[in-house]
Amino acid sequence: MNIDSISVYVGPNIHAREAVIRLKLDVRPSYAEALESLGARVIDRLAEVLPGLALEQAEWLTALRAGKGLSIGDLVARLALALQHAAGADGALAWSGPMSDPDMVEVFYSYGNEDIGVEAGEVACDMLAAIARAGLESPDEAPDLDTYVADFLDYADRRSLGPSAMELVRAAKARDIPVYRLNDASLIQVGQGKYQQRIEAALTSKTSHIAVEIASDKNLANNLLADLGLPVPRQKVVYSVDEAMGAAERIGYPVVVKPLDGNHGRGVTVNITSEDGIAAAFEAADAEGSAVVVETMLSGDDHRLLVVDGKLAAAARRVPGHVKGDGRHTVAELVDLVNQDPRRGVGHENVLTRLELDDQAESLLEEKGYTADTVPAEGEEVYLRKTANISTGGTAVDVTDTIHPDNKLMAERAIRAIGLDVGAVDFLTTDITKSYRDTGGGSARSMRDPACACTSRRLRARRATSAGRSWTCSSRRAPRRAFPSPP
């Protein structure tokens, strides 16, 4: 099975009214016969590593099981589309057609990113060729398809827009505003001529550089908002385990330990109740940032309040990564079922992130006396993360219409005080429908926006100087990705 030629159409064309990729495919007769003999079983093998394929093509799969002949061209097109969907791309068109040569077929499918779309077609052909070879050479052995999918998702993750940038692109296209990607990262141009604006993740052409510096420094933002009388936790920046223990004693347990300039929930340890947990928490936080913050542990649900141009645009309650028991499946099986959601991907390749049974998950299970083989009761929620970041497997529930006016005003004041045109407040409260004045909620993290590294460099310089070392900055670090938009 060889791809004879590839054509990429970037807009309406003679084949479709939207951008498509055309593959001219040379199907070896022996491979075609092997795949056709398997019929619907081909989809079953593919669905084991790509669950979205069976969900998206349920009607087609039913027809195959009813005896309809398998079209190799259609299978390549639909598989290429499913691979892109697994990577968070849009697209709905997939079809094929015969050519004058009986061994040749034309394959067409939608794409969002040219590089990812072309790679999807090539990987689809490789996967089907592997299945055909296994059927010819080792009928009892299943081919290793996981590697193909994992490699493709890794390739797509390196070349795709982040979730925030992708949502902005979708919103622009829905309004018929032209969008251009300017680099391999998340720098895009929206509009043309004097009306154009440039956006990188959640940074815009109008974002203040100083505001981003303030937002990137949790301690500075905390102090600024506290001076305005906004609800923030008590906080102290530390540079050693001894300082962290002293800060925790002064602040009062329980505390949270996190990196000063980290993101996506990495290096964050919550609900530390004694000195025993400080050392490990400090080490985890120190590995992710230039300094470590010890702050008051606030109770309540984690909310993210998005403010655009000084007005609250959206609010979401974020739920840590978890599974819900059904009385039949083990925790490990429930994780696999949750990960079949086509919106879940690896890292930031998709809107949501796959759940993982890693050390943190096993630690939380152990606290409950559970293991990955435990069968939770029906309706029981088993949490696998302490933090509610979308990037660590969390989910989000829209609460924009129920947020209390005081909480809305608090978020707007906070973002305006920092000076951001687009920013968000991470707000902990037991009830978002009630005022923070009544519930005692507070902002666990004042801002969440892609941050430049100037403040971080100054802090590293301070640490190096205190240790008797010199430190020099000669380049700037790229901005971090933005927080995922709530579904």
Side-chain angles (χ1 to χ4, degrees), residues 1-27 31-32 35-36 38-66 68-99 104-132 145 148-149 152-153 155-156 159-160 166 170 173 340-343 345 349-350:
M1 186 177 296
N2 298 317
I3 297 177
D4 188 67
S5 66
I6 300 175
S7 301
V8 179
Y9 299 91
V10 297
N13 53 81
I14 60 173
H15 303 291
R17 299 181 63 181
E18 64 181 67
V20 294
I21 290 176
R22 170 182 177 269
L23 305 180
K24 186 178 178 181
L25 192 63
D26 182 2
V27 182
Y31 280 17
L35 292 172
E36 288 169 358
L38 289 171
R41 285 177 292 169
V42 176
I43 308 296
D44 294 335
R45 293 188 180 183
L46 293 170
E48 292 177 2
V49 295
L50 205 63
L53 178 65
L55 296 174
E56 295 167 8
Q57 307 296 340
E59 184 177 342
W60 184 56
L61 183 57
T62 301
L64 289 178
R65 295 193 189 283
K68 179 182 177 181
L70 177 66
S71 166
I72 305 301
D74 283 354
L75 182 56
V76 171
R78 294 167 190 261
L79 179 55
L81 205 60
L83 284 167
Q84 293 182 85
H85 290 169
D90 292 327
L93 299 182
W95 79 96
S96 67
M99 300 185 70
M104 301 292 293
V105 64
E106 280 186 313
V107 175
F108 299 89
Y109 56 89
S110 305
Y111 72 95
N113 176 285
E114 178 179 335
D115 292 337
I116 296 174
V118 170
E119 181 72 8
E122 294 178 349
V123 172
C125 291
D126 290 342
M127 292 175 70
L128 293 177
I131 293 174
L145 301 179
Y148 289 101
V149 175
F152 170 76
L153 293 179
Y155 177 93
R159 289 164 177 79
S160 61
M166 181 62 72
R170 288 170 178 163
K173 289 181 176 179
Q340 290 182 12
D341 186 340
R343 297 175 300 165
E349 72 191 18
N350 217 331

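Here the structure is a predicted model, which is why all the values come from computation and not from measurement.
- Using a 4.5 Å cut-off on side-chain heavy atoms (C-beta onward), Val123 and Leu83 make contact.
- The two residues Val76 and Ala124 make their nearest non-hydrogen contact at O-CB, 3.9 Å.
- When all heavy atoms of Asp4 and Met104 are compared, the pair lying nearest together is CB-CE, 3.9 Å.
- No donor-acceptor distance shorter than 3.5 angstrom exists from the side chain of Ser96 to the backbone of Val107, with no hydrogens or angles considered.
- In this structure, the side chain of Asn13 engages the main chain of Gly11 through a donor-acceptor pair within 3.5 Å.
- Put simply, the residue from Asn113, Ile3, Ile21 that forms a side-chain contact (heavy atoms from CB on, under 4.5 Å) with Val118 is Ile21.
- Panel note: side chain Glu114, backbone Val10; no donor-acceptor pair is recorded below 3.5 Å.
- Using a 4.5 Å cut-off on side-chain heavy atoms (C-beta onward), Leu50 and Leu145 make no contact.
- Looking only at side-chain heavy atoms (C-beta outward), Leu25 and Cys125 come within less than 4.5 Å of each other.
- Atom CZ of Arg45 and atom CD1 of Ile131 lie 6.5 Å apart (nearest 0.5 Å).
- Between the CZ atom in Phe152 and the CE atom in Met127 there is a gap of 10.0 Å [rounded to 0.5 Å].
- Between Leu75 atom CG and Leu128 atom CG the span is 4.5 Å, to the nearest 0.5 Å.
- Of all heavy-atom pairs spanning Arg159 and Asp115, the tightest one is CD-CB, 4.2 Å.
- Closest non-hydrogen pair, Gly73 versus Val105, comes out as CA-CG2, 4.1 Å.
- Atom CZ of Arg22 and atom OG of Ser5 lie 5.0 Å apart (nearest 0.5 Å).
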So Val8 and Tyr111, side-chain contact (heavy atoms from CB on, under 4.5 Å) or not? Walk me through it. CA-CA 9 Å; Val8 179; Tyr111 72 95; 3.3 Å; yes
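- Between Pro12 and Arg17 the shortest heavy-atom distance is CG-O, 3.5 Å.
- The distance from atom OH of Tyr109 to atom CG of Leu79, rounded to the nearest 0.5 Å, is 10.0 Å.
- If you take CH2 on Trp95 and OG on Ser110, they are separated by 7.0 Å, rounding to the nearest 0.5 Å.
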